Amino acid sequence: MKSAFRFMAIIHTVYAYGLGDLFRLLLRSRTLRALLWLLPTPRRMKNVPLPQRLRLALENLGPIFVKFGQVLSTRPDLLPPEYARELARLQDKVPPFDGKLAVATIERAFAKPIGEIYAEFDITPVASASIAQVHQAYLFNAHGARGQKVAVKVLRPNVLKAIEKDLSLLRTSANAVQRLFADGKRLKPREVVAEFDKYLHDEIDLLNEAANAGLIRRQFADSEMLIVPDVYFDYCTREVLTIEWMDGTPISDIETLRAKGIDFKRLARFGVEIFFTQVFKNGFFHADMHPGNIFVADDGRYIALDFGIVGSLTDYDKRYLAINILAFFNRDYKRVATAHIESGWVPADTRAEELEAAVRSVCEPFFNKPLSQISFGLVLMRLFETSRRFNVEIQPQLVLLQKTLLNVEGLGRQLDPDLDLWATGKPFLTRWMGNQVGVKALWRNLKHEAPEWARILPALPRRLHAALDDDRLLMKQRLAELIHTQRRQNLLLTLIAASLTGILIGLIVLHFV
């Protein structure tokens with residue numbers, strides 16, 4: 001019954017925000033398009049652009065639909081640019097829930113009273129979002145008194161039920177889109193919803209976030225650029241995350257940062273270097289680098305928060321990504337095209353010269369500007385838009401990368417309008433590529449593989465002998481099959497010859513009789 005009411009609420013929202021106009025453009029069936037003409041567009045929506053109507057409707061439907069819109073905004077391979085830009089404005093802001101419910105969740109998770117878990121716990125939340133909210137607390141020290149100050153993230157009550165209910169409706173909608181919309185198959189709505197399903201379930205398991213934060217903290221231990229809070233794993237469950245409290249200034253508070261004497265140019269450069277370090281050195285990156293998740297310490301280092309969304313790249317992806325970036329800035333569009341084909345990012349039968357021409361038409365206009373004014377994230381977005389012509393299925397990790405790069409660039413240019421992303425990133429990228437080829441890279445790979453070779457080599461003669469025995473047995477079986485087949489063929493030929501001989505003799509006898 002609740003699902004039926006929720007479905008009716010969605011239908012009412014579609015009408016209230018005039019989305020019938022959007023469906024009339026997209027539906028495959030003429031009959032359905034004609035029926036939608038009977039559904040009038042509300043007067044207050046007639047002069048509102050369709051992308052804006054869609055954003056407002058998603059905000060009205062609540063947090064899960066807001067998050068779904070945010071995910072769609074990072075898929076320019078699926079959406080027209082004006083829709084992607086509008087959906088990127090969706091804000092994940094919801095009122096906090098009662099702090100007593102947060103206490104109940106913590107006590108249930110640890111099976112003990114809150115007073116035995118934390119020395120102090122502030123029942124008033126300091127931040128709230130659609131999935132969880134954050135409270136300030138203190139751990140016990142070794143003497144049983146107030147010790148380390150921590151941030152405690154607690155999942156919203158019944159958030160899983162709410163997610164499953166809306167996901168069920170999204171799956172139903174995806175099936176309808178695939179069947180009824182003219183572009184339904186290319187948009188792959190079922191796959192998009194499945195991807196969103198995984199993304200949401202990863203985010204509501206706070207042990208995943210704890211593990212992500214722990215890994216990034218180890219990777220940037222003693223860093224002069226980035227501080228990552230410590231994770232207190234003994235105080236973490238799937239519903240509760242406890243990490244070190246971080247004091248800092250929000251990156252968006254430019255006036256306060258200026259008053260504290262923070263070097264903006266240095267901070268902007270740090271952002272780019274952190275990005276390239278995460279992507280190419282570590283292959284694991286924070287993929288939710290919006291201003292709300294970034295603070296600045298008084299010593300001028302970044303502070304990273306909220307590790308629910310991360311991206312990872314294989315060595316294969318990193319290599320081809322580096323080749324593409326270097327080729328792009330060298331205006332070697334042919335190499336960009338061939339790298340896309342070699343990496344499998346486009347279908348193998350793609351004509352390299354056609355892809356080269358498409359890439360050139362997108363990229364060349366950007367180079368009429370100084371490099372310091374070129375948005376590499378925006379170029380990636382344009383390339384993804386172009387990719388629709390070549391049936392490219394954009395890899396999720398590359399979409400997360402493009403989204404992160406746009407955030408890094410946006411923050412960097414806010415701090416330093418003259419930031420040259422390429423001048424900052426090229427030395428790092430060139431150095432990284434140099435480490436991937438040549439004698440040093442060969443020696444490093446040999447050392448890395450040495451333990452595996454040490455395990456394999458002693459058993460290699462035995463395995464070769466066994467393989468040869470298997471080959472001999474297989475050859476014997478095939479030879480026996482050939483002999484058996486040959487005998488059957490010989491018998492058949494003998495029978496045919498005997499039959500022909502009998503017929504011939506019979507004909508001769510008849511002739512003389």
Side-chain angles (χ1 to χ4, degrees), residues 126-127 134 149 151 212-213 215-230 243-282 284-307 309-311 322 325-326 329 366 369-380 400-432:
V126 296
V134 179
K149 187 178 182 181
N212 295 338
L215 176 56
I216 295 177
R217 178 178 169 83
R218 289 199 307 275
Q219 291 172 338
F220 284 90
D222 304 319
S223 170
E224 297 179 352
M225 300 182 293
L226 180 66
I227 301 172
V228 179
D230 199 2
I243 63 173
E244 180 184 4
W245 182 271
M246 291 280 106
D247 287 311
T249 305
I251 189 71
S252 56
D253 191 350
I254 299 297
E255 293 304 319
T256 302
L257 292 174
R258 185 174 287 114
K260 289 186 175 184
I262 299 297
D263 185 340
F264 285 4
K265 289 185 178 294
R266 178 172 173 264
L267 197 61
R269 189 178 71 253
F270 277 179
V272 177
E273 291 182 12
I274 290 168
F275 171 78
F276 278 98
T277 300
Q278 287 187 314
V279 171
F280 291 103
K281 181 180 178 182
N282 303 334
F284 188 82
F285 58 94
H286 190 306
D288 200 16
M289 297 288 283
H290 63 75
N293 289 339
I294 305 173
F295 281 42
V296 179
D298 289 345
D299 63 2
R301 289 185 291 172
Y302 282 102
I303 300 172
L305 301 172
D306 198 340
F307 304 89
I309 306 174
V310 296
I325 293 174
L326 287 169
F329 278 104
F366 285 93
K369 305 176 182 178
L371 282 176
S372 61
Q373 296 179 22
I374 294 176
S375 167
F376 185 48
L378 189 58
V379 172
L380 274 182
L400 280 175
L401 184 74
Q402 172 249 316
K403 171 193 169 188
T404 305
L405 183 54
L406 279 171
N407 285 334
V408 169
E409 277 191 327
L411 290 171
R413 295 264 164 80
Q414 184 181 3
L415 297 168
D416 177 13
D418 298 323
L419 174 67
D420 187 337
L421 183 80
W422 181 231
T424 306
K426 184 179 180 180
F428 184 100
L429 198 57
T430 304
R431 188 168 59 251
W432 182 84

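From a predicted model like this one, the values you see are computed outputs, not experimental measurements.
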Verdict with supporting geometry, Phe285 and Val408, side-chain contact (heavy atoms from CB on, under 4.5 Å): CA-CA 12 Å; Phe285 58 94; Val408 169; over 6 Å; no
Atom CD of Glu409 and atom OG1 of Thr404: how far apart are they, to the nearest 0.5 Å? 11.5 Å
Among Val296, Asp298, Asp263, find the one that has a side chain to side chain contact (heavy atoms under 4.5 Å, CB included) with Leu257. Val296
From CA spacing to verdict: side-chain contact (heavy atoms from CB on, under 4.5 Å), Leu415, Ile262: CA-CA 10 Å; Leu415 297 168; Ile262 299 297; over 6 Å; no
Expected output: side-chain Tyr302 to main-chain Val228 donor-acceptor under 3.5 Å: no
Other residues, nucleotides and ligands only: do more than 12 of their heavy atoms fall within 6.0 Å of NZ on Lys260? yes
From CD (Glu224) to CD (Glu273), nearest 0.5 Å: 10.0 Å
Quick one: are Asn282 and Phe220 in side-chain contact, heavy atoms under 4.5 Å? yes
Given Met246 and Phe295, is the side-chain contact (heavy atoms from CB on, under 4.5 Å) satisfied, shown in steps? CA-CA 9 Å; Met246 291 280 106; Phe295 281 42; over 6 Å; no
For Phe264 and Gln414: C-alpha separation, side-chain torsions, deciding distance, then whether side-chain contact (heavy atoms from CB on, under 4.5 Å) applies. CA-CA 9 Å; Phe264 285 4; Gln414 184 181 3; over 6 Å; no
Ignoring hydrogens and geometry, is there a side-chain-to-backbone donor-acceptor pair from Asp416 to Ala268 under 3.5 Å? no
For Ile251 versus Leu267, what's the shortest heavy-atom pair and its separation? CD1-CD2, 3.9 Å
How far does CD1 of Ile216 sit from CD of Gln278, to the nearest 0.5 angstrom? 5.5 Å
Side chains of Pro229 and Phe307 in contact at under 4.5 Å (non-hydrogen atoms): yes
Enter the distance from Asp418:CG to Lys265:NZ here, rounded to the nearest 0.5 Å. 5.0 Å
Closest non-hydrogen atoms of Gly311 and Ala287, given as atom of the first, atom of the second and distance, are N-CB, 4.0 Å
Could you tell me whether the side chain of His286 and the main chain of Asp306 form a donor-acceptor pair under 3.5 Å? yes
Working to the nearest 0.5 angstrom, can you tell me the gap between Ile294 CD1 and Ile274 CD1? 8.5 Å
Decide yes or no for Leu226 and Phe270: does some side-chain heavy atom of the first lie under 4.5 Å from some side-chain heavy atom of the second? no
